[in-house]
2 protein chains.
Amino acid sequence: MPFGNVSERLQQPPDVGVSVVILALGAPENEESRDASGDSKDRTGRLWLPLVRRVRQPFLGDWALPGGGLQCGISLEQAAFAALESTTDMHPRYLEQLYTFGDPKRSSGGLPMVSIVYWALVGSAEIRTCTEGGNVQWFPADELPALAFDHRGIIEYALWRLRNKIEYSTIAARFVGERFTLAQLRSVHEAVLGRSLDPANFRRHILGSGELEDTGTTVIQGRSRPASVYRYRRAETTSSLFSPSVDLAHARADGSRVSQSAMTNAHNKGVS
Amino acid sequence: MPFGNVSERLQQPPDVGVSVVILALGAPENEESRDASGDSKDRTGRLWLPLVRRVRQPFLGDWALPGGGLQCGISLEQAAFAALESTTDMHPRYLEQLYTFGDPKRSSGGLPMVSIVYWALVGSAEIRTCTEGGNVQWFPADELPALAFDHRGIIEYALWRLRNKIEYSTIAARFVGERFTLAQLRSVHEAVLGRSLDPANFRRHILGSGELEDTGTTVIQGRSRPASVYRYRRAETTSSLFSPSVDLAHARADGSRVSQSAMTNAHNKGVS
DNA sequence: GCAAAAGTGTTAAGTGTACACCCATGC
DNA sequence: GCATGGGTGTACACTTAACACTTTTGC
């Protein structure tokens, strides 16, 4: 790592790092903002994300996205994966590149910095096992604290991308378990979109896509009629160059796939 | 710029550069592949792009995307702008970030390399003024030569993105002049999409979007009824963080805007 | 029985597509 | 007049959204 004063550094290429916007429906329960967030229904009905408190200037004390530097020999996806694991101890169930930010003004007086930003989704089950370190804390996506650099805008962009993508892809499955009822899947869509959806039309739309299959079993949720349990069909193996969402199989110790191409869909309209 | 052998370099962060996929309908006429491309209608009916011949290993002699290194003090967009101007002497009429490629395998034996890739559109008028240097040559997008690194896949991705985006945004205007007939605009769509469109439905669709306004003048194209001349409305000034397409005003000597937010459109479905 | 949620059916409105048709010009 | 492309009208298929209705459970 080269050192030098600011004027020397301006002659060189800027630092390049990888950051991750990690999104989940809910947050760990061993966390401080519990008292402010109401009951557990309020938790799982909103999007939450972990942030890291900065321990140096600039933006000392503000909150920032988890991230790390670039290294040779590993891919950008693996770098994002590592940044996610080192801060939250969780495995993402979806990971895709968001955008690369490099405007000199974004560092606000610090040294120039290029950030290759990924966004990740983690399932509700993984959140419970999350160990919360001293400088890592979860926040509701709609009640963010003071953020360092341009990270607030980056998070807004990730949320916008999630809202768009949930309408034409199967990423909602990353928030729930392998088996789920249509009501559970619908509540995910409602939490992300921020509005209620017609259960009848949601059913027809999601089943009509052919992505789901009935497992044959039913579960009783409340004091109502039992609901059929569905799962996503396998063989979403149409991965191609036109689907930059990453296959993390090679990056995971257990070798399980966490991301099938989520968007070779013809309805996809390009990132932005 | 640090030097060292390969094993030393593997300890350090990889090199980071900016590359550009430059697309146009047509190519300069002072160019060698003229004899192979047929008449001028064949030229303007297809997408062309300029490539640079590599003069060093790896991939010596193959063709590659124009690009350059990163510098502090300028934005990524400005770096892409500079790479475009230095190779083709042209001003882009549209410029947007495509994707950042960083897989270690993509260098194929060379040193690890991260490429922040942009894609650009240039108008037909600018192409004629293009000076073609010795190592720069234009190729049809559907007849590419041997390409270095993973640049073929990058170009395919850019073309896929263009085909998607032309259906819900106004980027087709970047290929034509400020004033145009609906037939001219339709021929752009047909060239990009690779299929013919119903003139009546195209008219209704494009006029129904409210983006065009009639200039009141007409032109006679062939031996047919005169066609009304349209232009895009001004005040596409809803630029926001959700529209990463770049405003190049600050990067242009004449100060004219070349890109208004081309996609705060609700139909946008995220990049990929 | 009653409440609540699962699941089905129906209908009106909107959208995309194919194609028939008229209009204005050059020849 | 005739051919050509500009421009309008229209019918049909399909999708979307709203909502009434039936079914199956807990209480």
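Any value given below was found using the heavy atoms of this structure, including those in side chains, with hydrogens, waters and symmetry copies removed. Please read all numbers here as calculations on a predicted model, not as lab measurements.
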**Q** How about Phe175(A) and Tyr94(A): are their ring centres within less than 6.0 Å of each other?
**A** no

**Q** Check this one for me: any side-chain N or O of Ser224(B) less than 4.0 Å away from OP1 or OP2 of dA3(D)?
**A** no

**Q** In whole angstroms, how far is the P atom of dG16(C) from the CG atom of Leu197(B)?
**A** 13 Å

**Q** Could you state the atom-to-atom distance from CD of Gln221(B) to P of dA24(C) in whole Å?
**A** 18 Å

**Q** Taking atom P of dT23(D) as reference, at what distance in whole Å does atom CD1 of Ile220(A) sit?
**A** 19 Å

**Q** Just do the side-chain contact (heavy atoms from CB on, under 4.5 Å) check on Arg163(A) and Trp160(A) with the steps written out, would you?
**A** CA-CA 5 Å; Arg163(A) 283 192 293 268; Trp160(A) 172 84; 3.9 Å; yes

**Q** With a 4.0 Å cut-off, would you call Glu213(B) and Arg231(B) a salt bridge?
**A** yes

**Q** CD of Gln184(A) versus C1' of dA5(C): gap in Å, rounded?
**A** 13 Å

**Q** Hey, can you tell me if His189(A) and Phe202(A) have their rings parallel, tilted or perpendicular (30° and 60° cut-offs)?
**A** perpendicular

**Q** Applying a 4.0 Å non-hydrogen cut-off, can you work out what Thr218(B) is touching in the nucleic acid: base, sugar-phosphate, or nothing?
**A** nothing

**Q** Is a donor-acceptor contact shorter than 3.5 angstrom present between the side chain of Arg204(B) and the base of dG9(D)?
**A** yes

**Q** Do the side-chain N or O atoms of Arg203(A) get closer than 4.0 angstrom to the phosphate oxygens (OP1, OP2) of dG7(C)?
**A** yes

**Q** Starting from P on dA13(C), measure out to CG on Asn201(A) and report it in whole angstrom.
**A** 16 Å

**Q** Remember a base hit wins even if backbone is also touched, and classify Ala200(B) as base, sugar-phosphate or nothing at under 4.0 Å, heavy atoms.
**A** base

**Q** From dG6(D), dT24(D), dA24(C), pick the nucleotide closest to the side chain of Pro226(B)?
**A** dA24(C)

**Q** Tell me the interatomic distance from Arg186(A), atom CZ, to dA17(D), atom P, rounded to whole angstroms.
**A** 15 Å

**Q** Between atom CG in Asp214(B) and atom P in dG7(D), what is the gap in whole Å?
**A** 8 Å

**Q** Between the base of dT23(D) and the side chain of Arg225(A), is there a donor and acceptor pair under 3.5 angstrom?
**A** yes

**Q** Given the rule in the side-chain hydrogen bond (donor to acceptor under 3.5 Å, both in side chains) test, do Arg161(B) and Asn164(B) qualify, once you have shown the distances and angles that lead to the verdict?
**A** CA-CA 5 Å; Arg161(B) 184 98 152 250; Asn164(B) 276 306; over 6 Å; no

**Q** Report which part of the nucleic acid Thr181(A) touches: base, sugar-phosphate, or nothing (heavy-atom distance under 4.0 Å, all strands).
**A** nothing

**Q** Rounded to whole Å, how long is the line connecting atom CG of Asp198(B) with atom C1' of dT15(C)?
**A** 15 Å

